[in-house]
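A short write-up of the structure that comes next.
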Amino acid sequence: MPQVLKDFLTWCPPLLDGAKITIFLTIFSVTTGLIISVFLALAKISKSKVLNALSSAYIFFFRGTPLLLQLYFMYYGLPKISPYLTIQDRFICAYITFSLNSAAYLAEVVRAAIISIDRGQIEAALSLGLNQSKAMRYVIIPQTISRLVPPIGNEFILVLKDASIVSIIALADITKVTLNIASSSSTSLVYILATIIYLIITAFFSWTFRKLEHKSISKTEK
């Protein structure tokens, strides 16, 4: 068996363990970010100036600063402010940071999807006795789902790739494991295997979101 193939087989287990961390971090972060984004979007389009201002400030901050800086501050900066703000678990720290960041981007997506629904549907729902919150919950938001799938899929892929920055806090994702192997074995061939793993993961989730998009469109047309 060629030495390169032996090396690849040796590197696969730790790289796949790193892939699990990358995938779990992405799924949990985007899911939590989506939940937060709904409240941010509703606050942004509300008539309350206070809610609108708070939501706008949140979105401006997290979209206007680098994710790397946010993660660095969350893990290294908060303990400097107060020991009580220390987040010991690296995964939890990355999860919180990525969720807050993802929420800011998805908030604009959700807001755009909501305001794209015909205003007449809200008025019709209100005329049937539904209040504003129920009209949003039962009439407007369900119709935005098919429009949200493509941008959520794009955000998911972006977060999946951006997850590589967690190596700065020594979280053993794909990138961190790759760097460790490259350093210990003094070879750059491991980067090829890491790239292949990233491409496989990206291709799988891209295919998954395309299927979800077609399914949601089919339901809407029915």
Using the side chain to side chain donor-acceptor pair (under 3.5 Å) rule, collect all pairs that involve residues 148-168, keeping only residues at least two apart or in two chains.
S102-E155
If a pair satisfies side chain to side chain donor-acceptor pair (under 3.5 Å) and one of its residues is in residues 179-195, list it, with sequence neighbours excluded.
none
How close do [X] and [Y] get, heavy atom to heavy atom, and via which atoms?
{"X": "R111", "Y": "A41", "answer": "N-CB, 3.7 Å"}
{"X": "V177", "Y": "A172", "answer": "CG2-O, 3.9 Å"}
{"X": "A163", "Y": "D173", "answer": "O-OD2, 3.4 Å"}
{"X": "W11", "Y": "L189", "answer": "CZ3-C, 3.9 Å"}
{"X": "L15", "Y": "T178", "answer": "CD2-OG1, 3.3 Å"}
{"X": "I21", "Y": "F91", "answer": "O-CE1, 3.9 Å"}

Let me confirm one number: the [atom1]-[atom2] distance from [X] to [Y], rounded to the nearest 0.5 Å.
{"X": "F62", "Y": "S99", "atom1": "CZ", "atom2": "OG", "result": "10.5 Å"}
{"X": "L71", "Y": "I168", "atom1": "CG", "atom2": "CD1", "result": "4.5 Å"}
{"X": "F156", "Y": "F209", "atom1": "CZ", "atom2": "CZ", "result": "5.0 Å"}
{"X": "I174", "Y": "K176", "atom1": "CD1", "atom2": "NZ", "result": "14.5 Å"}
{"X": "N101", "Y": "M74", "atom1": "CG", "atom2": "CE", "result": "10.0 Å"}
{"X": "I165", "Y": "T97", "atom1": "CD1", "atom2": "OG1", "result": "8.5 Å"}

Hey, can you pull the donor-acceptor pairs under 3.5 Å for the side chains in residues 26-37, sequence neighbours left out?
| from | atom 1 | to | atom 2 | distance (Å) |
| --- | --- | --- | --- | --- |
| T26 | OG1 | T22 | O | 2.8 |
| S29 | OG | L25 | O | 2.6 |
| T31 | OG1 | I27 | O | 2.7 |
| T32 | OG1 | F28 | O | 2.9 |
| T32 | OG1 | Y95 | OH | 2.7 |
| S37 | OG | G33 | O | 3.4 |
| S37 | OG | L34 | O | 2.6 |

Do [X] and [Y] share a hydrophobic cluster, counting only Ile, Leu, Val, Met, Phe, Trp and Tyr and linking them when any side-chain heavy atoms are less than 4.5 Å apart?
{"X": "L68", "Y": "L171", "result": "yes"}
{"X": "I96", "Y": "F24", "result": "yes"}
{"X": "V110", "Y": "F39", "result": "no"}
{"X": "I92", "Y": "L100", "result": "yes"}
{"X": "L51", "Y": "I45", "result": "no"}

Which residues satisfy the side-chain contact (heavy atoms from CB on, under 4.5 Å) test with [X], sequence neighbours excluded?
{"X": "Y76", "value": "Y72, I169"}
{"X": "S55", "value": "L40, A43, K44, I59"}
{"X": "F73", "value": "L78, I81"}

Considering residues at least two apart in sequence or located in another chain, which fulfil the salt bridge (Lys or Arg N to Asp or Glu O under 4.0 Å) criterion with R90?
none
Go through L160 and I201 one step at a time and tell me if the side chain to side chain contact (heavy atoms under 4.5 Å, CB included) criterion holds.
CA-CA 9 Å; L160 183 68; I201 295 172; 3.5 Å; yes
Are R210 and E213 ion-paired here, with the side-chain N under 4.0 Å from a carboxylate O?
no
Which residues share a side chain to side chain donor-acceptor pair (under 3.5 Å) with Y58, sequence neighbours left out:
none
Who pairs with S56 by side chain to side chain donor-acceptor pair (under 3.5 Å), at least two apart in sequence or on another chain?
N52
Whichever hydrophobic residues join L199 through chains of side-chain contacts under 4.5 Å
none
Taking ILVMFWY side chains as joined if any heavy atoms are under 4.5 angstrom apart, and letting links pass through other members, which residues group with L54?
V50
Would you check, one step at a time, whether the test side chain to side chain contact (heavy atoms under 4.5 Å, CB included) holds for Q70 with L67?
CA-CA 5 Å; Q70 294 167 20; L67 178 57; 3.8 Å; yes
Show the numbers, then the answer: is there a side chain to side chain contact (heavy atoms under 4.5 Å, CB included) between L158 and Y105?
CA-CA 11 Å; L158 288 174; Y105 284 91; over 6 Å; no
For Y75, which residues count as a ring-ring contact (aromatic ring centres under 6.0 Å, His included) partner, sequence neighbours excluded?
none
Decide yes or no for P79 and L85: does some side-chain heavy atom of the first lie under 4.5 Å from some side-chain heavy atom of the second?
no
